[in-house]
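The shown structure was predicted, so the numbers you read here are calculated from the model rather than taken from an experiment. First listed ligand is number 1; within each ligand, the first listed atom is number 1.
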Amino acid sequence: MTNSSVESNVVVVEVQGRVGCITLNRPKALNALSLDMIRAITHALLSWREDDHVLAVAVRGVNKEGPFGAFCAGGDIRFFHQAALSGNPALEDFFTEEYALNHLIHTYPKPYIAFMDGIVMGGGMGISQGASLRIVTERSKLAMPETLIGLFPDVGGGYFLSRCAGRLGEYLALTGLTLSGREAMSAGLADGYIDAGRLPGLWASLAQTPFENGASVERWCASHLSMTATAPSWPTKEVDRVFGLETVADMAAALAETDSDWGRSTLAALRQRSPLMLAVALEQVRRARSMGLADDLRMERELVRRCFHLRPGAGSDTAEGIRALAIDKDHSPRWHPATIEEVTPEEVAAFFVPPWPAHAHPLKVLG
Ligand SMILES: C/C=C/C(=O)SCCNC(=O)CCNC(=O)[C@H](O)C(C)(C)COP(=O)(O)OP(=O)(O)OC[C@H]1O[C@@H](n2cnc3c(N)ncnc32)[C@H](O)[C@@H]1OP(=O)(O)O
């Protein structure tokens, strides 16, 4: 039963039973997040945090056919491109508010259940990895693909990727590998599996179940899911050996010597991506391993500012990567530097120089 409902075009926010329900409703762009969507989600979460009637939150996406089928393909990269080129200050607000939302979700005091069916990438991971229950299906496709668009795995990616076993975080951050639902469970990036055909029933019954008697929403939901992770489908020893090396150039050299399909496809994936952002992402994940969430998000906020503003004249690999993938769709980005071997430590270090003094950091309030 719907108790209250606030609807806009792109995010449907409603309370059903004692569960706050958020539906991302921008299927033509695979529910890519606009600033309005980030604000609508943040507003709902902040009001439900104070509302004793609401015991839990559930979030899902729609595809062109109806509910589920796509979760979220990330931040709206076409907006990034247009805003960066036109100097639109809303781009700065976007990143500040998106990262603050990611922090709110990770620290949310009520169960937050993410129905991660279909595409879950970039910003989609940012609004699901902090969930107390991360549900995947046979249609789930999870990735942090940002190095392909000349960006780094932000939205808390440094934090949650660096917590993966061994050097898996470096591997996923650099290659942008897409994981199936089962693989995401093996990686520790999802908690429970259900066949996609059973999602509508799970969603409806979550909203219709009375939780007044202290029944745990998460335990109830988990009882409908398969919670057992299977063995990883990637060669864990090779991942640890190669992605534990010091530099991306060392990794590329090691992969070139690896006589295996995995080695060849992994090297090909690296060669497609921004050489500079591969090195930045590697440094990001390694620094984040010893950071808490808030410090990681502050570091990422500094890095993303550098991505769009660091190199006047030399251009931005981020703008170029988005152009090649989503604007001109020629899939032929011209990276600067052009190869992994040409990236210098000085170019990488420049990304980690804070653009603001600590007291002026846009995310200084995160605890
Ligand atoms: C701070 C936050 C940072 C981030 O989140 S950075 C973004 C991270 N995400 C990505 O880089 C993913 C970008 N998208 C893709 O690579 C592909 O899409 C997919 C692999 C997810 C799906 O591919 P396919 O099934 O072939 O669909 P399609 O035709 O590419 O996409 C359908 C429509 O959705 C738009 N779209 C997809 N992702 C985004 C996005 N992140 N921002 C804005 N639009 C997006 C496309 O452009 C297209 O639109 P049209 O039909 O008009 O050409």
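For the atom pair CD1 (I149) and CZ (F80), the distance works out to 7.0 Å, reported to the nearest 0.5 Å.
With sequence neighbours left out, the side-chain hydrogen bond (donor to acceptor under 3.5 Å, both in side chains) criterion links T339 to E342.
For ligand 1, the atoms closer than 4.0 angstrom to any heavy atom of F95 are 1 (C). Close contacts of ligand 1 with P145, meaning ligand atoms under 4.0 Å from a residue heavy atom, involve 9 (N), 10 (C), 11 (O). Within ligand 1, counting atoms from 1 as listed, the ones closer than 4.0 Å to a heavy atom of L30 are 18 (O), 21 (C), 22 (C), 27 (O), 31 (O), 32 (C), 37 (C). For ligand 1 and E98, the ligand atoms under 4.0 Å from any heavy atom of the residue are 1 (C), 2 (C).
Residue G75 has at least one N or O atom closer than 3.5 Å to an N or O atom of ligand 1.
Of the protein's non-hydrogen atoms, the one nearest atom 43 (C) of ligand 1 is D76 OD1, 3.4 Å. Here the heavy atom of the protein found nearest to atom 53 (O) of ligand 1 is K329 NZ, 2.5 Å. The closest protein non-hydrogen atom to atom 42 (N) of ligand 1 is I77 N, 3.0 Å.
In summary, the side chains of S162 and R289 do not present any donor paired with an acceptor at a separation below 3.5 Å, with no hydrogens or angles considered. T247 and D250 share a side-chain donor-acceptor pair at under 3.5 Å. With 3.5 Å as the limit, one finds no donor-acceptor pair spanning the side chains of D76 and S34. Defined by atom type and a distance below 3.5 Å, a donor-acceptor pair is present between the side-chain atoms of T23 and R60. In this model, no donor atom of one side chain and acceptor atom of the other lie less than 3.5 Å apart for Q208 and S205.
Between Y99 and F94, the ring centre distance reaches or exceeds 6.0 Å.
The residue among D154, L325, I327 with a heavy atom at the shortest distance from atom 16 (O) of ligand 1 is L325. Of the candidates G123, G74, G122, A73, A73 brings a heavy atom nearest to atom 9 (N) of ligand 1. Nearest to atom 50 (P) of ligand 1 by heavy atom, out of R78, K28, R301, is R78.
Assignment of M125 to the shell around ligand 1 is not supported, since no heavy atom sits closer than 4.0 Å. Distances from ligand 1 to the non-hydrogen atoms of A29 include at least one value under 4.0 Å.
Within the 4.0 Å cut-off (strictly below), no protein heavy atom is located near atom 30 (O) of ligand 1. Protein heavy atoms are absent from the space less than 4.0 angstrom from atom 46 (C) of ligand 1. Put simply, atom 24 (P) of ligand 1 has no protein non-hydrogen atoms near it, under 4.0 Å away.
Counting heavy atoms from C-beta on, the side chains of E283 and V280 never come closer than 4.5 Å.
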When you look at R264 and D259, which way does the salt bridge (Lys or Arg N to Asp or Glu O under 4.0 Å) test go after all the steps? CA-CA 8 Å; R264 281 182 283 276; D259 185 21; 3.2 Å; yes
